[in-house]
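The block underneath contains the structure these notes are about, expressed in C-alpha cells.
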Amino acid sequence: MSTTREQTPGDRGPEPHGARPGAVPSESDGADSVTSARVLALTGASGIVPMARDFTRQALYDWGWLPAATAEGRAAAEDVLLVVSELVTNACLHAEGPEGLKVSRTGKVLRLEVSDLGSGQPAPRTPHRAGRPGGHGMFIVERLCLDWGVVRTPGVTGKTVWAELAAPA
C-alpha cells in the first residue's frame, strides 16, 4: 500500500529509507532551500513504476509546472518522468525493489530520491552501446540530470539514489 505526505521546510516527517533527514538540493545559499517535498511509500506495492510516474506528474501539476506553457517546459517535465521511471526500474531490477520515492523542489531544481535495500552501486554502463537492449538507465539519468549520486547511511542496509533536474519552466 502506498502513502503520500506533503512536507514543508523544517518538517521531519517520514522519509524513504536511507534519505538524509532535512536534505536540500543545494547547500549554496538560502535561496535554494527545499520549498516543498512529497514522499511515496513503495514497499509491497504493485505497478510501482507507473505509480511513481503518476505521483511525480501530480506533484508537477500541483506545483504549477504542468501543464507547461512551452514545448521546452513540456520536454523538461517528460525528462523528470523518464528519470523517475529509470530510478524506480533500477531499484526493481537490481535492489530488491524500491522502498520509497521522494520528490522535492526549489525554485530552480527538482530532486528525485529513490530508496532501496540494495547493496549495489548504480553506474552508467561503460562503454554505452546504443541499440543494445538493457543497461541504459543510468546513462539516461546521467545525460538528463544536472547531477546524481548515492547516499548511504553507515550501519544501515540500503541506499538512496538521488538525481537533480532543472525545474520545468
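The first residue in the sequence is number 1, and the count goes up from there. Keep in mind that what you see is a predicted model, and the values were worked out from it rather than measured.
- Of the inter-residue distances, the one linking Leu93 atom CG with Glu86 atom CD reads 9.5 Å to the nearest 0.5 angstrom.
- Val150 and Trp162 get closest at one heavy-atom pair: N-NE1, 3.7 Å.
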Task: Trace of the salt bridge (charged side-chain N to carboxylate O under 4.0 Å, His left out) decision for Arg111 with Glu113 - done: CA-CA 7 Å; Arg111 183 177 175 108; Glu113 299 179 29; 2.9 Å; yes

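- A side chain to side chain contact (heavy atoms under 4.5 Å, CB included) with Leu87 is found for exactly one of Val83, Thr89, Val84, namely Val83.
- Closest approach of Val114 to Ala91, counting heavy atoms only: CG1-CB, 4.1 Å.
- Cluster membership for Val80 and Tyr61, using ILVMFWY side-chain heavy atoms within less than 4.5 angstrom, is shared.
- In this structure, Leu81 and Arg57 have side chains that are in contact, with non-hydrogen atoms separated by less than 4.5 Å.
- Contact detail for Ala77 and Leu60: the closest heavy-atom pair is CB-CD1, 4.1 Å.
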TODO: Report the C-alpha distance between Glu164 and Cys145 in whole Å, list the side-chain angles of each, state the deciding distance to 0.1 Å, and finish with yes or no for side chain to side chain contact (heavy atoms under 4.5 Å, CB included).
DONE: CA-CA 6 Å; Glu164 295 177 342; Cys145 295; 5.9 Å; no

- [ ] Step by step, work out the side chain to side chain contact (heavy atoms under 4.5 Å, CB included) result for Asp116 and Glu99.
- [x] CA-CA 5 Å; Asp116 63 56; Glu99 285 197 312; 5.6 Å; no

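- Nearest approach of Leu117 to Thr157, heavy atoms of both residues: O-CG2, 3.4 Å.
- Atoms OG1 and CD, on Thr43 and Glu96 in that order, are 11.5 Å from each other to the nearest 0.5 Å.
- In terms of modelled atom types and a separation under 3.5 Å, the side chain of Lys108 and the main chain of Ala167 share no donor-acceptor contact.
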TODO: Begin from the C-alpha positions of Gln58 and Asp62 and carry the test side-chain hydrogen bond (donor to acceptor under 3.5 Å, both in side chains) through to its verdict.
DONE: CA-CA 6 Å; Gln58 187 61 53; Asp62 292 347; 2.7 Å; yes

Task: Residue pair Asn90, Met138: steps toward the side chain to side chain contact (heavy atoms under 4.5 Å, CB included) verdict - done: CA-CA 8 Å; Asn90 278 355; Met138 292 312 294; 3.1 Å; yes

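- Side chains of Pro98 and Ser115 form no contact here, defined as non-hydrogen atoms less than 4.5 Å apart.
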TODO: May I have the step-by-step check of side chain to side chain contact (heavy atoms under 4.5 Å, CB included) for Leu110 and Trp63, ending in yes or no?
DONE: CA-CA 11 Å; Leu110 186 89; Trp63 294 336; 3.7 Å; yes

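- Separating the CD1 atom in Ile48 from the CZ atom in Phe55 is a distance of 13.5 Å, to the nearest 0.5 Å.
- When all heavy atoms are compared, the tightest approach of Ala166 to Leu146 is N-CD1, 3.5 Å.
- Distance alone, capped at 3.5 Å, is enough to place a donor-acceptor pair between the Arg152 side chain and the Ser119 backbone.
- At a threshold of 4.5 Å between non-hydrogen side-chain atoms, the residues Leu101 and Val39 do not count as touching.
- Counted by atom type alone, Thr35 and Thr106 present zero donor-acceptor pairs between their side chains at under 3.5 Å.
- Nearest heavy atoms, Ser104 versus Ala37: CB-CB, 3.6 Å.
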